[in-house]
Amino acid sequence: MNRTRRRRGPFARWPRAADGVLAAVLFLTTVFVTEGQGDAPALRSITEVPPVAFVAYAVAAAAFSQRRRAPVAVLGVAVACWALALPTEDTNVGLITLFGLYAVGRYAGDSRWGLAGVAAAVALLVLDGLVLSSPWSETAFGVVFFLVIWYIGRRMASREERAAQRRRQQADQARRIVAEERTHIARELHDVVAHQVSMMTVQAGAAQAVAAADPERARQAMAAVEQAGRQALDELRHLLGVLRPDADRGGLGPQPGLADLPRLVAQLGTAGLDIDVTDGLRTPLPTRVQLSAYRIVQEALTNVLKHGGPGTRTEVRLCEDGTDITIEVVDHAPLAPNRPQAPGHGIIGMRERATLLGGSLETGPRPEGGFRVLARFPRTGEP
């Protein structure tokens, strides 16, 4: 919640009502206030207002209430009424024209008609000075004042446009963050489900194969299926908990890292894989690097189990190469006919993980048989 809530004035809360009140105030001011001795404002009776000027004031004030919807038209009506009242030498409608200039600058943007209205107002001000025989210094000051008022409106409009652009950028950034988070969660779901379901499928097949001849071994295989299913459910609960913004994060377990590799190897070993791990990493790694490294090894071994089957000899090598780390998973299974040659979701997910860490991924069959996955990325995980 934003505690520094911005206060909104009446012109922002009730724009139509505020514009109507402002139009009424301008009308009353032009009718009852005039220029007295020494250029001081003075009150006058309504009978002192020429009828033509009174009508001009009323029309200009009525049009002014639409200054937000049609600012150029409002300025045009004010200028026309000013020209109409000019022969009477009672030209207080210039006050409404002044507010109309601000409205054009604020709400009309850079339209040509708006700029033409500004030019017409300035020209009429010069003509008014000639009719009333005003000093040129006063006329020049009035011209500058008119332009300054219009410029203030433009600056206010530009300020609002920049604020709106910032809000759009923040909304776009929020949408990008949500999309990236969804991609991350989808990748995690794929890794968890693909690994555990492959484990369960292999174990269930092994249990069915030996159920009649070796019930005890079949029971152990089914126990492994149950354990894999429970682990899958635990990880899915963790990921689904992340999707709940109001959930209590205190009960969620940490994401797996390289310290969990022995458990992963032991689990896949019960499924029949013959895995040899060479860990040459000596430098502590950030959590995001450990998670990606673990998921790459997990996905690569899952693919070995899926396509090579139980009994496949597999080598996992983790080593440091300067400022980079390399992860290599090599299996010695013959290339199965049903092994996909095009990158699947698992390989795409591994490549995305390596790329997000500023690295790369190479995959493909080996000439001497089997399949090779080689990932390389900086130890710091900076893209």
Side-chain angles (χ1 to χ4, degrees), residues 184 187-200 202 227-228 231-232 234-235 238-239 253-321 324-333 339 343-366 370-381:
H184 169 74
R187 189 163 52 238
E188 293 292 324
L189 286 173
H190 171 270
D191 292 345
V192 170
V193 173
H195 170 71
Q196 300 293 357
V197 171
S198 296
M199 283 281 302
M200 296 165 66
V202 172
Q227 181 182 6
Q231 290 179 356
D234 289 341
E235 293 200 46
H238 175 90
L239 292 173
Q255 290 278 21
L258 293 177
D260 299 292
L261 274 183
R263 179 172 60 86
L264 175 66
V265 171
Q267 186 183 47
L268 287 165
T270 61
L273 285 185
D274 180 12
I275 305 173
D276 181 24
V277 178
T278 303
D279 187 357
L281 300 179
R282 298 294 179 264
T283 305
L285 301 175
T287 302
R288 62 182 180 278
V289 176
Q290 292 204 37
L291 172 62
S292 295
Y294 177 88
R295 291 302 190 197
I296 288 174
V297 173
Q298 181 188 48
E299 179 61 31
L301 293 178
T302 300
N303 288 340
V304 173
L305 181 63
K306 184 188 303 181
H307 302 294
T312 302
R313 188 164 64 89
T314 308
E315 299 174 8
V316 178
R317 304 187 188 95
L318 298 89
C319 61
E320 298 181 3
D321 184 7
D324 296 341
I325 66 170
T326 59
I327 301 172
E328 186 178 26
V329 180
V330 176
D331 68 72
H332 299 270
R339 189 159 190 167
H345 291 290
I347 293 179
I348 293 175
M350 289 190 290
R351 180 168 289 114
E352 287 179 355
R353 288 183 182 278
T355 303
L356 288 174
L357 294 176
S360 60
L361 182 83
E362 300 176 8
T363 61
R366 301 192 306 150
F371 201 81
R372 177 173 179 260
V373 174
L374 176 64
R376 178 189 299 271
F377 41 82
R379 287 199 302 260
T380 58

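Counting begins at 1 with the first residue of the sequence. The structure displayed is predicted, hence computed values, not measured ones.
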Are side-chain heavy atoms of [X] and [Y] found at a separation under 4.5 Å?
{"X": "R372", "Y": "E362", "value": "yes"}
{"X": "F371", "Y": "V304", "value": "no"}
{"X": "I327", "Y": "F377", "value": "yes"}
{"X": "L361", "Y": "V373", "value": "yes"}

Rounded distance (nearest 0.5 Å) linking atom [atom1] of [X] with atom [atom2] of [Y]:
{"X": "I296", "Y": "E328", "atom1": "CD1", "atom2": "CD", "value": "13.0 Å"}
{"X": "L291", "Y": "R353", "atom1": "CG", "atom2": "CZ", "value": "5.5 Å"}
{"X": "L357", "Y": "D324", "atom1": "CG", "atom2": "CG", "value": "11.0 Å"}
{"X": "Q298", "Y": "L268", "atom1": "CD", "atom2": "CG", "value": "8.0 Å"}
{"X": "L318", "Y": "R282", "atom1": "CG", "atom2": "CZ", "value": "10.5 Å"}
{"X": "T302", "Y": "E299", "atom1": "OG1", "atom2": "CD", "value": "5.5 Å"}

Using every non-hydrogen atom in the two residues, find where [X] and [Y] come nearest and quote the distance to one decimal.
{"X": "E320", "Y": "T283", "result": "OE2-N, 2.7 Å"}
{"X": "A333", "Y": "G308", "result": "CB-CA, 3.9 Å"}
{"X": "T312", "Y": "H332", "result": "CG2-N, 4.3 Å"}
{"X": "P286", "Y": "T380", "result": "CG-O, 3.8 Å"}
{"X": "Y294", "Y": "L258", "result": "N-CD2, 4.2 Å"}
{"X": "P378", "Y": "G359", "result": "CD-N, 4.2 Å"}

Query - Polar side-chain atom of S292 near backbone of V289 as donor-acceptor pair, under 3.5 Å - result: no

Could you pull out all donor-acceptor pairs under 3.5 Å where a side-chain atom in residues 272-280 meets a protein atom, sequence neighbours excluded?
residue, atom, partner, partner atom, Å
D279, OD1, L281, N, 3.1

Report task. Mind running side chain to side chain contact (heavy atoms under 4.5 Å, CB included) on N303 and M350 for me, showing each step along the way? Result -> CA-CA 12 Å; N303 288 340; M350 289 190 290; 4.2 Å; yes

